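Values in this document were obtained by computation on a predicted structure and should not be read as measured data.
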2 protein chains.
Amino acid sequence: MKQPFHHGSLKLALLDASVVLLDMHGPDGVTIRAVAREAGVSHAAPVNHYKDRETLLTALATVLFKDLLACVIKKLRSEDLLANERISVFATVLFEYAMTHPNRYRLLWHTGLVDHSDPELLDVMNQFYGACCAEISGAKMCTNRDVETYAIALWSMVHGYIDLRLTGMFEARNDTVSGHPRLEAMLELFQNSGRTKS
Amino acid sequence: MKQPFHHGSLKLALLDASVVLLDMHGPDGVTIRAVAREAGVSHAAPVNHYKDRETLLTALATVLFKDLLACVIKKLRSEDLLANERISVFATVLFEYAMTHPNRYRLLWHTGLVDHSDPELLDVMNQFYGACCAEISGAKMCTNRDVETYAIALWSMVHGYIDLRLTGMFEARNDTVSGHPRLEAMLELFQNSGRTKS
DNA sequence: ACATTTTAATTGACGCTGTCAATATAGACT
DNA sequence: AGTCTATATTGACAGCGTCAATTAAAATGT
C-alpha cells in the first residue's frame, strides 16, 4: 500500500493548494471549490478531509502558525545573541514574515474564517506566547510577576504595528532592505520601559 | 419636497440597517441582500446608493470611525486631565469601544471588506492618528522628532492588544467593571519608556 | 480467491450571495 | 401637458458552501 486512494494524500495536497491560493488571492480566495480545482479534484472532494470551510482554514492557519514559530525558534537558536537582541529578533522575524507573506499573516488572525478556539490551533498560539514570555523573562527587564504584562505589551505592539501596516497606514517609506527603522525605534522604546525600575 | 422618493432617505436607512446586522451577525452578516431586507426594500435597491458591497462597508466603516473619534474627543474635553492621564483615556476609550462593540471594531480593520484607500476613510484615520500624536506631544515624553514613533507605538500596542483579545487570547479574566488592570499596567509600562531620556 | 465493508471521490441539487440588465415608477423641470 | 432624471423592482446569471445519492477503490473477513 503506497497510495491509500486515487489521489494519494489529498488531505495534504489541499493544504498545499490552499497556500498557493492564499498567497495569490488572499483569504477570501481560499474557497473550498477553488482549492478543489487547484488540487484537481471535484468540488465536493475536500469534505471528506475537512468538514467545512472553517475547518479547512483553521487547519491551514495552524500549519502556518507552526511554520512561523519554527522560524522564530530557528533564528533564535542559530545566532549568539544578547538578551535584548533576542527580543528584537523575535519581533523582527514576525514583522518580516508579515511583510513577505501578508495574506498568510492576515489569515492567522481572521476571526471570521478561522476558529481560534480550536484546540490544536490554541496549542500553537500558547506555545508562541510561552516563547514570548521566555524571552521577556530572560531579558530580566522586569520582576517575575510583571513578565506577562511585558510579554503581552511586546506582542501587542508588534502585532498591532503589523496590522496597521497591513491596512495601509504608515507606509513602507520607513523601511529599507537592510532594516526597519520605525520598528527598531519602537523596540528601543520598549526596552527603555524596563530600565526605570529602581 | 419632504421625501425624495418612495422610501425617503434610503441611503441613511441602509447604514442604520447595516449597523444592526453588524452587531448581530458580524461583518460577514452584512450582505447587500440582508441589508436590503432589513431596510424593507428589494434586493437590488442599495446599488443606487452604494455601487457594490465594498463601497457600502467602507461607508459604514467611515461612519463608525467618525463616531469613535468623536467619542475620544468628547471624553478628552469633558474631563480635566493631566497629560499622562489623557494618554490613558485615549487608550481606554478605544479599548472599551472594542469590548462593547466587538463587531464594529472588527469591521474597521477588515481589509477584505473595507477599502482602506478610500479618501474619506483615509481622512478620518489620519485625523485619528493626528489626535494620537497630539496627546503624545502634549505629554512631553519625548523629543519632537520622536513623537511619531511614540504615537505609533502607543496606537500599535493598544490596537494590537484589542485585536489579540478579540481573537480570544488573554481572556477577560483580567477585566473588572471598574477597570482593565492589564491595559492599565501596559499603559504604565508605556509611560515609563518616556522617563529615561537623560 | 471471493464477498463484504469501509473509505474516498463524483455528481447533482439547494439556497444563498454579488452583480448586472431590463423594466417600471415617482418627482422635478420646462 | 410632456420630458427627463433619479430611484426602486424584477429577473437572470455565475459562484459559493453544503448536503444527499451514487459510484469506485481499497481494506477486511471468510
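A donor-acceptor contact shorter than 3.5 Å links the side chain of A:Glu85 to the backbone of A:Leu82.
A straight line from CG of B:Asp28 to C1' of C:dC16 spans 14 Å, rounded to a whole angstrom. A straight line from CG of B:Leu10 to C1' of C:dA26 spans 14 Å, rounded to a whole angstrom. Between the P atom of C:dG18 and the CG atom of B:Leu113 lies a distance of 10 Å, rounded to the nearest Å. Between the NE2 atom of B:His25 and the P atom of C:dT17 there is a distance of 11 Å, given to the nearest Å.
Residue-to-nucleotide contacts include no donor-acceptor pair under 3.5 Å from the side chain of A:His43 to the base of D:dG15.
If you check the side chains of B:His159 and B:Tyr105, you find a donor sitting under 3.5 Å from an acceptor. Side-chain contact check for A:Thr149 and A:Asp146: no donor-acceptor pair (N or O, by modelled atom type) lies under 3.5 Å.
For the salt bridge (Lys or Arg N to Asp or Glu O under 4.0 Å) condition, the pairs that include at least one residue of residues 105-124 of chain B, sequence neighbours left out, are B:Lys66-B:Glu120.
Between B:Arg37 and the phosphate of C:dC16, there is no side-chain N or O to OP1/OP2 separation shorter than 4.0 Å. OP1 or OP2 of D:dT9 has not a single side-chain nitrogen or oxygen of B:Arg33 nearer than 4.0 Å.
Counting non-hydrogen atoms under 4.0 angstrom, A:Thr31 reaches the backbone sugars and phosphates but no base.
Ring to ring, B:Phe65 and B:Trp109 are close: their centroids are under 6.0 angstrom apart.
Checked options A:Arg86, A:Lys75, A:Lys140; the residue passing with A:Glu135 is A:Arg86 (criterion: salt bridge (charged side-chain N to carboxylate O under 4.0 Å, His left out)).
Taking every heavy atom of residues 47-60 of chain B and every atom of DNA chain D, pairs under 4.0 Å involve B:Asn48, B:His49, by number.
In terms of position along DNA chain C, the nucleotide closest to A:Ala45 lies nearer the 5' end than the nucleotide closest to the other residue of the pair A:Ala45 and B:Ala44.
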